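These values consider heavy atoms only, across backbone and side chains, with no hydrogens, waters or symmetry-generated copies. Since the structure is predicted, the reported quantities are computational estimates derived from the model, not experimental observations.
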Amino acid sequence: MTSGSGFRSDAMHREKNFPVASWIIHPRHRALILAFYRFVRMADDIADHATLAADEKLLYLDLLEAELLGKGETRAEAVHLRTALDRRGMPPRHALDLLTAFRMDVTKQRYENWDEVIDYCRYSAMPVGRFVLDVHGESAATWPASDVLCAGLQVCNHLQDCGKDFRNLNRVYIPRDALLASGASIEELGAAKSSLQMLQCLRSLAVKAEVLLNGGGALVSQVKDFRLGFEVSVILSFADKIVSMLKMRDPLRERVHLSPLELLLHGVGAMANEAARRAFGRGTRFKTTVDV
């Protein structure tokens with residue numbers, strides 16, 4: 001693995017609805033967050049690669065882990081992240097958790113129930129939020145709200161891309177018991193349009209994702225960093241719109257992503273609301289407490 005370009009799969013890489021080290025984040029944190037993102041992106045591209053065999057993917061993921069831990073210098077993404085973490089005196093724990101998720105992507109293609117999906121989120125999504133919080137020096141007391149927020153974002157992503165994941169990767173994050181309860185089948189994910197049964201299944205999961213997002217909304221008032229509070233508010237605004245779209249649209253037939261204009265409008269609105277909350281002590285509109 002001498003060049004990252006051989007593993008880039010931009011056509012398959014999921015559209016991003018949420019900012020990654022946006023201009024809202026303070027510049028002193030941005031380089032470390034981007035190093036983390038590039039490492040994760042490389043691992044994602046390996047796990048989703050169309051032609052690599054499963055055992056090859058696992059070997060490459062093992063190599064990324066080894067070099068992140070200081071055993072080698074061939075992978076720029078691992079070396080850069082390792083160096084950036086060392087400068088801040090931070091351990092690689094969150095990146096290692098994410099590698100566990102990417103190994104799951106290689107070896108586990110079906111999920112039996114909601115609990116299995118949430119367990120996947122513990123490795124695929126929750127470490128991202130925890131990492132960003134740690135970078136900003138936030139208390140670990142913010143982790144529970146971050147965890148449910150990140151799980152909700154991950155489930156939304158799974159619903160948005162359920163057709164592509166099945167057709168291109170034979171990977172299904174929609175739990176079997178949810179399909180069974182709605183009278184739908186896994187094979188229907190390859191169709192150009194959802195049946196009524198599949199729509200019922202996907203929309204019921206969107207409601208579950210909405211509950212998680214509402215629980216994660218408590219994070220806004222918990223974080224102390226001013227800029228990070230704005231970032232979380234923007235992410236919540238985007239997620240709120242996306243989950244509403246998932247409850248109305250058919251992700252097998254329609255695009256369920258925000259346009260650039262929608263991203264701009266919702267982002268500006270979210271920042272204005274957060275500025276008012278901080279200035280006047282107005283409470284957050286997200287109140288639900290959720291355990292995952």
Participant: Keeping the roles fixed (side chain from E138, backbone from K224), state whether a donor-acceptor pair exists under 3.5 Å.
Facilitator: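 The answer is yes, because a donor-acceptor pair under 3.5 Å joins these two groups.
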Participant: Could you tell me whether a side-chain N or O of S221 sits under 3.5 Å from a main-chain N or O of A218, the two making a donor and an acceptor?
Facilitator: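 Present.
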Participant: Determine whether Y173 and D105 satisfy the following criterion, side-chain hydrogen bond (donor to acceptor under 3.5 Å, both in side chains), listing intermediate values before the conclusion.
Facilitator: CA-CA 10 Å; Y173 298 102; D105 282 337; 2.7 Å; yes
Participant: Within the side chain of K57, is there an N or O that forms a donor-acceptor pair under 3.5 Å with the backbone of A47?
Facilitator: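 Yes.
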Participant: State the CD1-CZ distance between I24 and F230, to the nearest 0.5 angstrom.
Facilitator: 8.5 Å
Participant: For the residue pair F226 and H26, establish whether any side-chain heavy-atom pair is separated by less than 4.5 Å.
Facilitator: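 A side-chain contact under 4.5 Å is absent here.
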Participant: At their closest point, which heavy atom of C156 faces which heavy atom of A209, and how far apart are they?
Facilitator: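 Where C156 meets A209 most closely, the heavy atoms are SG-CB, 4.1 Å.
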Participant: Any side-chain heavy atom of I242 sitting closer than 4.5 Å to one from Q160?
Facilitator: yes
Participant: Run the salt-bridge test on R82 and E73 with the 4.0 Å N-O cut-off and return the result as yes or no.
Facilitator: yes
Participant: Suppose we screen for side chain to side chain contact (heavy atoms under 4.5 Å, CB included). Which residues come up paired with S185, at least two apart in sequence or across chains?
Facilitator: E187, E188
Participant: With distance as the sole test, does S139 use its side chain to make a donor-acceptor pair with the main-chain N or O of T142 at under 3.5 Å?
Facilitator: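 Checking the backbone N and O of T142 against the side chain of S139, no donor-acceptor pair under 3.5 Å is found.
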Participant: Below 4.5 Å, heavy atoms only, C-beta onward: do N157 and D161 meet side chain to side chain?
Facilitator: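 Yes, close enough: below the 4.5 Å cut-off.
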Participant: Over all heavy atoms of both residues, which pair between V148 and G216 is shortest? Give the atoms and the distance, please.
Facilitator: CG2-N, 3.3 Å
Participant: Under the 6.0 Å and 45° cation-pi test, does K164 pair with F166?
Facilitator: no
Participant: Hey, mind stepping through E65 and K71 against salt bridge (charged side-chain N to carboxylate O under 4.0 Å, His left out) and telling me if it holds?
Facilitator: CA-CA 9 Å; E65 176 174 320; K71 302 170 186 176; over 6 Å; no
Participant: Which is it for E67 and T74 under the side chain to side chain contact (heavy atoms under 4.5 Å, CB included) test, yes or no, and what are the steps along the way?
Facilitator: CA-CA 8 Å; E67 300 209 350; T74 66; 2.6 Å; yes
Participant: Mind checking whether F36 and L98 have side chains closer than 4.5 Å, heavy atoms only?
Facilitator: yes
Participant: Check whether L85 and V79 end up in the same hydrophobic cluster, where Ile, Leu, Val, Met, Phe, Trp and Tyr are linked by side-chain heavy atoms less than 4.5 Å apart.
Facilitator: no
Participant: What I'd like to find out is whether the side chain of H29 reaches to under 4.5 Å of the side chain of R88, using heavy atoms alone.
Facilitator: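 Yes; the side chains approach each other to less than 4.5 Å.
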Participant: What residues form a side-chain hydrogen bond (donor to acceptor under 3.5 Å, both in side chains) with K193, not counting sequence neighbours?
Facilitator: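 Expected list: none.
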Participant: Hey, are E77 and R41 close enough for a salt bridge, meaning a charged N less than 4.0 Å from a carboxylate O?
Facilitator: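 Salt bridge between E77 and R41, a charged N being under 4.0 Å from a carboxylate O: no.
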Participant: Please answer whether the main-chain N or O of S233 pairs with a side-chain N or O of S237 as donor and acceptor at a distance below 3.5 Å.
Facilitator: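 Judged by distance alone, no pair lies under 3.5 Å.
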Participant: Are more than 12 heavy atoms from other residues, nucleotides or ligands located less than 6.0 Å from atom OH of Y120?
Facilitator: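 Count over threshold, so yes.
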Participant: Would you check, one step at a time, whether the test side chain to side chain contact (heavy atoms under 4.5 Å, CB included) holds for L64 with I46?
Facilitator: CA-CA 10 Å; L64 283 180; I46 291 169; 3.8 Å; yes
Participant: Quick test of your reading of the model: are R130 and D147 salt-bridged, counting only N-O distances below 4.0 Å?
Facilitator: yes
Participant: Please identify each residue that fulfils side-chain hydrogen bond (donor to acceptor under 3.5 Å, both in side chains) with R93, with sequence neighbours left out.
Facilitator: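 Scan of R93 (side-chain hydrogen bond (donor to acceptor under 3.5 Å, both in side chains), adjacent residues dropped) gives none.
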Participant: With the side chain counted from C-beta on, respond yes when F102 and V40 share a heavy-atom pair under 4.5 Å apart, and no when they do not.
Facilitator: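 When only atoms from C-beta onward are counted, V40 and F102 do touch, with a gap below 4.5 Å.
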Participant: Can you see which heavy atom on R203 is nearest to which on L246, and at what distance?
Facilitator: CG-O, 3.7 Å
Participant: Of the non-hydrogen atoms in I25 and R227, which two are nearest, and what is the gap between them?
Facilitator: O-NH1, 3.7 Å
Participant: My understanding is that only residues two or more places apart in sequence, or in another chain, count here; which of them pass side-chain hydrogen bond (donor to acceptor under 3.5 Å, both in side chains) with R110?
Facilitator: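 Only N170 meet the side-chain hydrogen bond (donor to acceptor under 3.5 Å, both in side chains) criterion with R110.
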Participant: Could you report the tightest heavy-atom contact between A43 and L99, atom names first, then the distance?
Facilitator: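 Smallest interatomic distance, heavy atoms only, reads CB-CD2, 3.9 Å.
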Participant: Could I get the full list of side chain to side chain contact (heavy atoms under 4.5 Å, CB included) partners for C162, not counting sequence neighbours?
Facilitator: I174, L189, L202, P251, L252
Participant: Would you tell me whether Q154 and S124 have side-chain atoms, one donor and one acceptor, within less than 3.5 Å of each other?
Facilitator: yes
Participant: Would you kindly say whether H94 and D134 are connected by a side-chain donor-acceptor distance under 3.5 Å?
Facilitator: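 Yes - a donor-acceptor pair under 3.5 Å links their side chains.
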Participant: L180, V207: one ILVMFWY side-chain cluster at the under-4.5 Å cut-off?
Facilitator: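 In one cluster with L180: V207, no.
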Participant: Mind checking the CD-CD1 spacing from Q109 to I186? Nearest 0.5 Å is all I need.
Facilitator: 10.5 Å
Participant: So, Y60 versus D45: side-chain donor-acceptor pair below 3.5 Å or not?
Facilitator: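 There is no such pair between these side chains.
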Participant: Evaluate side chain to side chain contact (heavy atoms under 4.5 Å, CB included) for L32 paired with M90, printing each intermediate quantity in order.
Facilitator: CA-CA 11 Å; L32 175 54; M90 292 178 61; 3.9 Å; yes
Participant: Please evaluate residues V243 and V155 with respect to the criterion side chain to side chain contact (heavy atoms under 4.5 Å, CB included), reporting the C-alpha separation (whole Å), side-chain torsions for both, the decisive distance (0.1 Å), and the verdict.
Facilitator: CA-CA 10 Å; V243 82; V155 173; over 6 Å; no
Participant: At their closest point, which heavy atom of C121 faces which heavy atom of P127, and how far apart are they?
Facilitator: O-CD, 4.2 Å
Participant: Does L52 offer a backbone N or O that forms a donor-acceptor pair with the side chain of E56 under 3.5 Å?
Facilitator: no
Participant: Sequence neighbours excluded, which residues qualify as side-chain hydrogen bond (donor to acceptor under 3.5 Å, both in side chains) partners of Q200?
Facilitator: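 Scan of Q200 (side-chain hydrogen bond (donor to acceptor under 3.5 Å, both in side chains), adjacent residues dropped) gives none.
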Participant: CG of L81 to CD1 of I33: how many Å apart, nearest 0.5 Å?
Facilitator: 11.5 Å
Participant: With a 4.5 Å heavy-atom cut-off, do P175 and L205 have their side chains touching?
Facilitator: yes
Participant: Give the cluster check for V232 versus W143: same hydrophobic cluster or not, with ILVMFWY residues linked at side-chain heavy-atom distances below 4.5 Å.
Facilitator: yes
Participant: Between I118 and W114, is there a side-chain heavy-atom distance shorter than 4.5 Å?
Facilitator: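 Of all side-chain heavy-atom pairs linking I118 with W114, at least one is under 4.5 Å.
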Participant: Is any side-chain N of the basic residue among E112 and R176 closer than 4.0 Å to the acidic one's carboxylate O?
Facilitator: yes
Participant: Check for a donor-acceptor pair, side chain of D165 on one end and backbone N or O of V172 on the other, with a separation under 3.5 Å.
Facilitator: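 Looks like no, no N/O pair under 3.5 Å.
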Participant: Does one hydrophobic cluster hold both L61 and L69, with members joined at side-chain heavy-atom distances below 4.5 Å?
Facilitator: yes
